[in-house]
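Worth saying up front: this structure is predicted, and the values here are computed from it rather than measured.
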Amino acid sequence: MNAPGDHLHRRMGLAILEASAERVVGRMPVKGNTQPYGLLHGGASCVLAETLGSTGAALHAGPGRIAVGIEINATHHRSATSGHVTAVATRVHGGRTLATYVIEITDDEGRAVCTARLTCMLKDAS
């Protein structure tokens with residue numbers, strides 16, 4: 001996810017702090033990623049979750065292969081209005097054609113903001 005260019009995760013201020021096929025950690029500011037009521041936008045949480053899960057899936061897939069998200073779901077537990085949110089994506093399945101990650105997003109106090117699950121299809125790069 002460090003390719004040059006103007007990508008959504010960069011516009012949202014998302015930073016990947018740790019990355020392996022088993023676990024990816026990232027952080028994103030709440031400011032600039034809110035809905036009209038000043039709360040972290042649920043879609044921003046999904047972007048964070050999908051970015052981290054897709055990064056892990058791409059690492060799992062290996063060279064010459066790509067990972068594309070085919071399903072995401074998210075449960076929003078509480079709102080965040082300031083500071084940052086931190087997410088940890090943990091692989092729960094890593095096969096030849098599919099990889100699934102659970103992503104837990106917390107606020108600066110460590111409270112659960114969102115839990116998401118992402119499944120990616122793994123395929124050869126064209």
Side-chain angles (χ1 to χ4, degrees):
M1 295 295 150
N2 292 324
D6 184 26
H7 301 283
L8 180 59
H9 71 279
R10 291 175 195 246
R11 289 195 300 273
M12 296 181 73
L14 195 158
I16 295 176
L17 307 174
E18 170 189 328
S20 72
E22 295 80 26
R23 173 182 149 101
V24 182
V25 180
R27 186 176 168 168
M28 180 179 73
V30 172
K31 184 177 181 180
N33 294 312
T34 59
Q35 37 92 312
Y37 302 113
L39 308 174
L40 178 66
H41 196 291
S45 293
C46 288
V47 168
L48 176 58
E50 185 149 357
T51 300
L52 298 188
S54 293
T55 298
L59 291 169
H60 170 75
R65 304 197 76 213
I66 62 170
V68 292
I70 59 171
E71 189 267 343
I72 187 168
N73 69 52
T75 301
H76 305 288
H77 307 293
R78 73 170 51 245
S79 60
T81 58
S82 64
H84 289 79
V85 289
T86 301
V88 178
T90 305
R91 186 178 66 199
V92 294
H93 172 77
R96 188 179 60 78
T97 59
L98 292 177
T100 300
Y101 289 77
V102 170
I103 304 96
E104 297 174 329
I105 302 173
T106 57
D107 64 13
D108 286 333
E109 286 76 43
R111 299 175 297 185
V113 171
C114 177
T115 302
R117 186 186 71 232
L118 173 72
T119 298
C120 291
M121 179 176 58
L122 310 176
K123 60 184 212 164
D124 293 334
S126 299

Looking at [X] and [Y], what are the two nearest heavy atoms and their distance?
X: A87; Y: I105; result: CB-CG1, 3.7 Å
X: H60; Y: Y101; result: CB-OH, 4.0 Å
X: T55; Y: A19; result: CG2-CB, 4.3 Å
X: A89; Y: I103; result: CB-CG1, 3.6 Å

Does one hydrophobic cluster hold both [X] and [Y], with members joined at side-chain heavy-atom distances below 4.5 Å?
X: M28; Y: I72; answer: yes
X: L8; Y: V24; answer: yes
X: V25; Y: L48; answer: no
X: V88; Y: I16; answer: no

Looking at side-chain heavy atoms only, is the closest gap between [X] and [Y] below 4.5 Å?
X: R78; Y: V113; result: yes
X: I70; Y: L98; result: yes
X: T81; Y: L39; result: yes
X: L40; Y: N33; result: yes
X: S54; Y: L118; result: yes

### Task
Could you tell me whether the side chain of H41 and the main chain of G43 form a donor-acceptor pair under 3.5 Å?
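Indeed, once roles are kept as given, a pair shorter than 3.5 Å links the two residues.
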
### Query
Hey, does the side chain of R91 reach the backbone of A99 with a donor-acceptor pair shorter than 3.5 angstrom?
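No: the side chain of R91 does not pair with the backbone of A99.
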
Atom [atom1] in [X], atom [atom2] in [Y]: separation rounded to 0.5 Å?
X: E104; Y: T86; atom1: CD; atom2: OG1; answer: 12.5 Å
X: M121; Y: T97; atom1: CE; atom2: OG1; answer: 9.0 Å
X: L59; Y: R23; atom1: CG; atom2: CZ; answer: 14.0 Å

### L122/R96 under side chain to side chain contact (heavy atoms under 4.5 Å, CB included): CA gap, chis, key distance, verdict
CA-CA 7 Å; L122 310 176; R96 188 179 60 78; over 6 Å; no

### Message
Go through it in stages, so that I can follow the logic: the residues are R117 and E71, the test is side chain to side chain contact (heavy atoms under 4.5 Å, CB included), and I'd like the CA-CA distance, side-chain angles, deciding distance and then a yes or no.
### Response
CA-CA 8 Å; R117 186 186 71 232; E71 189 267 343; 3.4 Å; yes

### Message
For the residue pair T100 / T119, report whether a side-chain donor-acceptor contact shorter than 3.5 Å exists.
### Response
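Yes, because at least one side-chain N or O of T119 sits under 3.5 Å from a partner of the opposite role on T100.
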
